[in-house]
Structure formats: C-alpha cells, structure tokens
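Written below as structure tokens is the structure these notes are about.
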Amino acid sequence: MNRDVIIACDFATPEATLEFLDKFKDEKPFIKIGMELFYAGGPDIVRELRKRGHKIFLDLKLHDIPNTVKKAMKVLSRLDVDMVNVHAAGTIEMMRAALEGLKEGREDGTRPLIIAVTQLTSTSEEALHKQLLIDASVNDTIAQYARNAKEAGLDGVVCSPLEAGLVKEACGSEFMAVTPGIRYPDAAKDDQSRITSPAKAREIGSDFIVVGRPITAAPDPVAAYRRCCADFIGE
Ligand code: C5P
C-alpha cells in the first residue's frame, strides 16, 4: 500500500475546484470529491478531473438497502474513480452488495478501493447512547464496524488518525485506515477535534490522510501540499 495525501476539494462549484487545482503545475494530487461538489457538478466534474489525471476518492458515503447500494456502486465504478465509501452501519450484507456492484461495473477486472465510515467523528458518546440507543462505547463500535467491513471484503475504513491504531489492532496492518482530521500544531483546528499532524498520523498507521482546509485555505496551497507529502510520505 502506498501512503498518499488526499486533498479534500470541498468547493461549491466545479469552476472553483478547477481554479484551485490549476495552481498545481508539477504534481497531480489525489483528490477527494464530496457530496457538495458532486451534487453541484455531477458525473461531469468527476470525468473532467479524471481526464486531467487526478486519482479520485468519491466520498458519497452510501447507506441504503443492499440492492440499491449495489446498483449505485455499479454506476460509480464506471466513473473510473479510485476509491469510494459506504456507511458500515448499513450492515455486512449492504457492504458485500456494494463490493459486488463495484466489480460488476467494470469489465477489465479492476475496481475502486472501497472503505467504510465507522462512526462519524461528529457523533459523540452521548448521542450514541441517548439518541441511537447504542450502549457500547464509540471505540468499541468503531472496532466492531471495522471488523464487519473486513468480513464483507472491504479494503479499509475512514476514521480519525487517533483511531488508526485501534483499527489495525482489530483488523490487521493490511486493512486500510484513511484519516481526515489532520492539522499542524501551529494552525487553526477549525471544527475538527480529534486531530493530529501528518507525521504523527504516519507514525500511528494511517495509509492515506485526507487534508482539506490546511491546504485549500493556505496562502500557498502548493507549498502546504508539499509540506504534508514530505511529512507523511517522506519525500
Ligand atoms: O478541511 P478539513 O481538513 O477539516 O477536511 C476534512 C475532510 O474530511 C472534509 O471533506 C470532511 O468532510 C471529511 N471528513 C471528516 N471527518 C470524518 C469524515 C470525513 O473530516 N469523520
């Protein structure tokens, strides 16, 4: 598994995204397209960014009945993206269906990587107990949902970098931990709470870090991206 830095392109329009990516002359960063940009730009922005040579993590967090997820994944697989995701809360059966859909979408035997969201980092222990009536701790549900994802044949999970060790312990070192929540100690935390630096994320065991505002809102995004790569990949 090659460690890499994924830039979260959380822009409202395709134009703003392309303008941002035009700043990168010497490298083609791996990028994440989330719901906002996908709902604004649709499959066209995905195709355009593929045409420009970017690897793409399409972060749409599917969660529906297995048959619906399978069919949706078949369509996303054909968009030729590199990584997609689902909510592990959809059950092992739903995750298996997602994987089947991805495989059916392509005729050349390839498929995108597929990872599962365990617990959103915005879900507090209190909400888990009082609203969702889940008695287990957040960490226990993360470990169990990760094991479910592995059993379904998925490649890994999205989690906080601080939870990457927990996931590796539950599922083995080959099971991928893709981690947002990356911040430098000298910068703003924004709305993230369970955060760490790129170097520390590497030490704990992240395979990919997802970095948004520390790069997109930096005065020099290319320099900020290079700093993340140097610290995380070691180049
Ligand atoms: O700007 P920032 O670095 O906080 O962006 C992190 C990205 O990762 C955002 O696109 C956010 O939606 C996503 N993400 C997250 N925490 C999760 C899952 C996804 O921050 N648990």
Side-chain angles (χ1 to χ4, degrees), residues 4-14 16-17 20-21 29-41 45-46 49 54-63 81-90 113-125 127-128 132 138-139 141-143 145-146 149 154-164 166-167 176-202 204 206-219 221 223-229 231-232:
D4 207 351
V5 174
I6 302 178
I7 303 180
C9 288
D10 293 324
F11 297 104
T13 63
T17 309
F20 168 75
L21 291 171
F30 198 140
I31 58 173
K32 178 172 91 73
I33 297 178
M35 292 185 210
E36 184 186 16
L37 180 56
F38 188 73
Y39 293 150
I45 183 64
V46 177
L49 292 168
H54 293 279
K55 284 189 169 178
I56 298 173
F57 169 18
L58 192 52
D59 176 21
L60 300 180
K61 300 185 179 70
L62 274 63
H63 187 175
V81 293
D82 299 279
M83 192 185 289
V84 295
N85 60 358
V86 292
H87 271 284
L113 292 169
I114 172 166
I115 57 178
V117 177
T118 53
Q119 284 295 347
L120 291 170
T121 42
S122 54
T123 305
S124 66
E125 198 97 24
L128 199 68
L132 307 180
V138 169
N139 276 357
T141 59
I142 289 169
Y145 285 18
L154 268 57
D155 303 297
V157 292
V158 188
C159 59
S160 139
L162 303 176
E163 288 144 13
L166 174 82
V167 166
M176 279 173 17
V178 179
T179 65
I182 300 297
R183 290 294 182 273
Y184 280 100
D186 57 1
K189 285 169 76 172
D190 303 308
D191 53 355
Q192 295 282 12
S193 52
R194 295 177 49 70
I195 54 170
T196 195
S197 67
K200 191 78 191 159
R202 171 185 174 157
I204 303 174
S206 296
D207 297 283
F208 291 90
I209 52 173
V210 177
V211 188
R213 288 159 292 181
I215 294 175
T216 56
Y225 171 72
R226 288 184 181 152
R227 183 185 180 195
C228 283
C229 290
D231 291 351
F232 184 65

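What you see below is based on every heavy atom in this structure, not just the backbone, and it leaves out hydrogens, waters and symmetry mates. Just follow the structure's listing: the first ligand is 1, and inside any ligand the first atom is 1.
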Rounded distance (nearest 0.5 Å) linking atom OG1 of Thr17 with atom CD1 of Ile7: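 The distance works out to 11.5 Å.
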Whether the side chain of Asn85 engages the backbone of Leu60 through a donor-acceptor N/O pair (distance < 3.5 Å, no angle test) should be reported.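 Answer holds: yes.
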Of the options Asp155, Ile114, Val158, Leu113, which is the one that meets Met83 in a side-chain contact (heavy atoms from CB on, under 4.5 Å)?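 The option that passes is Leu113.
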Testing Cys228, Pro161, Cys229 one by one against Pro198 for a side-chain contact (heavy atoms from CB on, under 4.5 Å), which residue passes?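 The side-chain contact (heavy atoms from CB on, under 4.5 Å) with Pro198 is passed solely by Cys228 among Cys228, Pro161, Cys229.
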Can you list every protein residue that has a heavy atom under 4.0 Å from any atom of ligand 1, sorted by chain and residue number?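 Residue list for ligand 1: Ala8, Asp10, Lys32, Thr121, Pro180, Arg183, Gln192, Val210, Val211, Gly212, Arg213, Pro214.
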Does the separation of the ring centres of Phe57 and Phe208 fall below 6.0 angstrom?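 For Phe57 and Phe208, the ring centres are not under 6.0 Å apart.
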Taking only residues two or more places apart in sequence or in another chain, which ones pass ring-ring contact (aromatic ring centres under 6.0 Å, His included) with His54?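 Listed in chain order: nothing, the list is empty.
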